Amino acid sequence: MYYKIVTYGCQMNVHESEKIAGLLEAEGYRPCADGENADIVVFNTCCIRDNAERRALGNIGVIKAEKKKNPALVLAVVGCMTQQDGAAETIRNKYPYVDIVLGTRDISLLPSEIRKVLSARAKAEKGAKKYRCFDNSFPEDYSDIDEATPVVRTSFPNAWVNIIYGCNNFCSYCIVPYVRGRELSRDMGKVLDEVRRCVDEGYGEITLLGQNVNSYGHDLHAKGVNFAALLGEIDKIDGKFRVRFMTSHPKDLTEEVADVMAESAKICNNLHLPVQSGSNKVLADMNRRYTREKYLSLIDMLRAKMPDIGITTDVMVGFPTETEEDFADTADLMRQVRYSNAFTFVYSPRKGTPAAAMPQIPYEIKKRRIGELIKLQNSVTKELSETYKGGVYEVLVEDVAPKYGDSVCGRTESGRLVTFGGSPDLVGKFVNVKITEARSASLFGHIE
Ligand code: 5AD
Ligand code: SF4
């Protein structure tokens, strides 16, 4: 029996798909190679923007043909999209060939629901009713974290490790708090155990995950447990490995965390710090709870402690109240900060969020603004790439890069991608690479 998981969205979803794989493999399913027929297909969905949702629904539609060829196929839709108001009903009515819909807190039910679908099918000859599961219930008082779900890791040499689930921030544009619920931190001992296990298994990079890693521990009410303390404890674990984390909310990033980053050997000089907008008015309307000045002072503080830190961001254009002046403030902030990379998004109204109820900006304006930001960031990235030329950097080899001949690629501590000549057996190893060429976002070099 073979399974296929189609994943949309962020790293949190990528890691959740590793857990889904763990559950299915424990049931005896094996991963299906490209082009092979699967017995179960799981869509792990995202709903952060309209295009993510439309892509998932489109592909669920495409599966209909596959299901016709292979009626034994079990089709499951899980993840954020299923948790939106009315989503389960839409899937129930519009996609009658979907067998299972499970919400973000129910993944561990997947194996038992598959068994129910299969047993109902086995009985179908005797006139039994087709079984379909639509369980996206979301208990408001949930407090248990499922620690028992097995994980089949798929991103060696990087291992994703959850530290906090959910989000309490309610940025006015964002659907995440509605579909992922309130913040729930994992026990620090359990996080440390998982990191130790990954390091023992040879993972060279650990990425700590959470919608807002900086609020780690607030809900645990345990003395001395916070994000800085967690980083400090992870840094003490024996072995050669690197630690990254995402995402940090600027309102919660403390100087204490920056100090641990600067002093530690293993925590990378690399930070993802979403700014969203450079205008104080828009930041207030977004309910971000920091100002442009506060954000810029954080950047100064970080660079004073770690001059070579690579800082990346998320930035949005077309929020309902964004004027040309506000947009100019965002572009200006980006010029000032000089991010090593920026993920730029066009604001997409999400049903049920406060910003979706405001008068919206025409798409043409959003399109022009995003084009300008991308161009601006590309030129900054290119300039920063040039500064790497001639330097020697430690790189963790992540993958082969056949596009460039017998080559491999990996990242510097600051998070920049480097491609260089090398054999596949280097994947997972640390090597020193001299940078000889810079092409916009990509660096090239050779092993020193
Ligand atoms: N429209 C566009 N982008 C969004 N993001 C979150 N919600 C929306 C939305 N409604 C962006 C933010 C966030 C990133 C993960 O996605 O920039 O940091
Ligand atoms: Fe969404 Fe804001 Fe929470 Fe990030 S911090 S997940 S943008 S509500």
Side-chain angles (χ1 to χ4, degrees), residues 7-16 45-55 79-81 83-85 104 162-185 207 209-216 218-219 227 245-253 271-279 282-290 295 298 311-322 327 330 333-334 337 339 341-358 360-361 363 365-367 369-370 373-374 377:
T7 308
Y8 301 88
C10 63
Q11 282 77 9
M12 197 78 98
N13 267 19
V14 172
H15 183 42
E16 241 150 46
T45 61
C46 167
C47 60
I48 193 110
R49 283 169 290 277
D50 183 51
N51 52 5
E53 218 173 336
R54 265 186 297 141
R55 250 184 333 129
C80 292
M81 201 177 86
Q83 210 71 70
Q84 281 183 288
D85 265 355
T104 52
N162 282 128
I163 64 165
I164 180 167
Y165 300 90
C167 180
N168 290 357
N169 290 315
F170 289 94
C171 300
S172 66
Y173 51 81
C174 187
I175 194 75
V176 169
Y178 304 88
V179 296
R180 293 237 167 226
R182 296 297 70 74
E183 285 171 0
L184 210 51
S185 298
T207 305
L209 291 178
Q211 254 79 35
N212 181 11
V213 288
N214 294 97
S215 53
Y216 173 76
H218 288 196
D219 54 316
F227 186 53
F245 52 87
M246 66 192 319
T247 294
S248 291
H249 195 306
K251 80 173 166 55
D252 298 316
L253 179 73
L271 186 72
H272 185 58
L273 196 64
V275 68
Q276 313 298 359
S277 170
S279 148
V282 173
L283 286 172
D285 292 347
M286 287 176 163
N287 190 31
R288 290 291 287 175
R289 287 176 281 169
Y290 55 83
Y295 185 90
L298 277 178
I311 303 175
T312 58
T313 201
D314 291 342
V315 60
M316 206 185 291
V317 300
F319 183 82
T321 60
E322 184 186 72
F327 170 67
T330 299
L333 179 136
M334 289 179 71
V337 175
Y339 292 106
N341 196 7
F343 301 90
T344 50
F345 302 108
V346 171
Y347 166 70
S348 164
R350 304 284 71 207
K351 214 172 105 200
T353 61
M358 300 176 183
Q360 302 294 317
I361 291 182
Y363 180 69
I365 295 181
K366 293 183 184 174
K367 202 171 131 191
R369 289 182 188 165
I370 191 104
L373 275 201
I374 291 171
Q377 182 56 42

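Hydrogens, waters and symmetry mates play no part in the numbers below; they use all other heavy atoms, side chains included. The chain is numbered in sequence order, starting from 1. What you see is a predicted model, and the numbers here were worked out from it, not measured in a lab. Both counts, for ligands and for their atoms, begin at 1 and track the order of listing.
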Looking at [atom], what's its closest protein heavy atom, distance included?
{"atom": "atom 10 (N) of ligand 1", "result": "Ser348 O, 2.8 Å"}
{"atom": "atom 17 (O) of ligand 1", "result": "Gln276 OE1, 2.6 Å"}
{"atom": "atom 5 (S) of ligand 2", "result": "Asn169 ND2, 3.5 Å"}
{"atom": "atom 7 (N) of ligand 1", "result": "Tyr173 CD1, 3.3 Å"}
{"atom": "atom 1 (Fe) of ligand 2", "result": "Cys174 SG, 2.3 Å"}
{"atom": "atom 11 (C) of ligand 1", "result": "Arg49 NH1, 3.2 Å"}

Could you report the tightest heavy-atom contact between [X] and [Y], atom names first, then the distance?
{"X": "Met12", "Y": "Gly210", "answer": "CE-CA, 3.6 Å"}
{"X": "Ser185", "Y": "Asp219", "answer": "OG-OD1, 2.5 Å"}
{"X": "Cys167", "Y": "Pro177", "answer": "O-CB, 3.6 Å"}
{"X": "Cys47", "Y": "Gln84", "answer": "CB-OE1, 3.3 Å"}

Only heavy atoms of [X], strictly under 4.0 Å: list the atoms of ligand 1 that pass.
{"X": "Arg350", "result": "10 (N)"}
{"X": "Asp314", "result": "13 (C), 14 (C), 15 (C), 17 (O), 18 (O)"}
{"X": "Met316", "result": "3 (N), 4 (C), 5 (N), 12 (C), 17 (O)"}

**Report entry** Any donor-acceptor N/O pair, Arg49 side chain to Tyr347 backbone, under 3.5 Å
**Finding:** no

Discussion item. Quick check against the 3.5 Å criterion: does Thr104 have a side-chain atom that pairs as donor or acceptor with the backbone of Gly79?
Written reply: no

| Side-chain H-bond candidate by donor/acceptor type, Asn341 with Thr312, under 3.5 Å | no

I'd like to check which ligand 2 atoms, numbered from 1 as shown, lie under 4.0 Å from a non-hydrogen atom of [X].
{"X": "Gln211", "result": "6 (S)"}
{"X": "His249", "result": "5 (S)"}
{"X": "Pro177", "result": "8 (S)"}
{"X": "Tyr173", "result": "7 (S)"}

*Is the shortest distance from a heavy atom of Arg180 to ligand 2 less than 4.0 Å?*
no

(Q) Students often mix this up, so state it plainly: with edges at 30° and 60°, are the rings of Phe170 and Tyr178 parallel, tilted or perpendicular? (A) perpendicular

Q. Does Arg55 make a cation-pi contact with Tyr8, if we ask for NZ or CZ under 6.0 Å from the ring centre and within 45° of the axis?
A. no

- [ ] Could you check if a side-chain atom of Phe245 sits within less than 4.5 angstrom of a side-chain atom of Leu271, using non-hydrogen atoms only?
- [x] yes

The residue among Lys251, Arg288, Gln211 that forms side-chain hydrogen bond (donor to acceptor under 3.5 Å, both in side chains) with Asn169 is Lys251

Among Pro250, Gly166, Cys167, Cys171, the residue with a heavy atom nearest to atom 2 (Fe) of ligand 2 is Cys171

Could an N or O of ligand 1 be found under 3.5 Å from any N or O of Tyr347, whether backbone or side chain?
no

So for Phe345 against ligand 1, with non-hydrogen atoms under 4.0 Å, the contacting part is side chain

Contact region, Val346 to ligand 1, non-hydrogen atoms below 4.0 Å, reads backbone

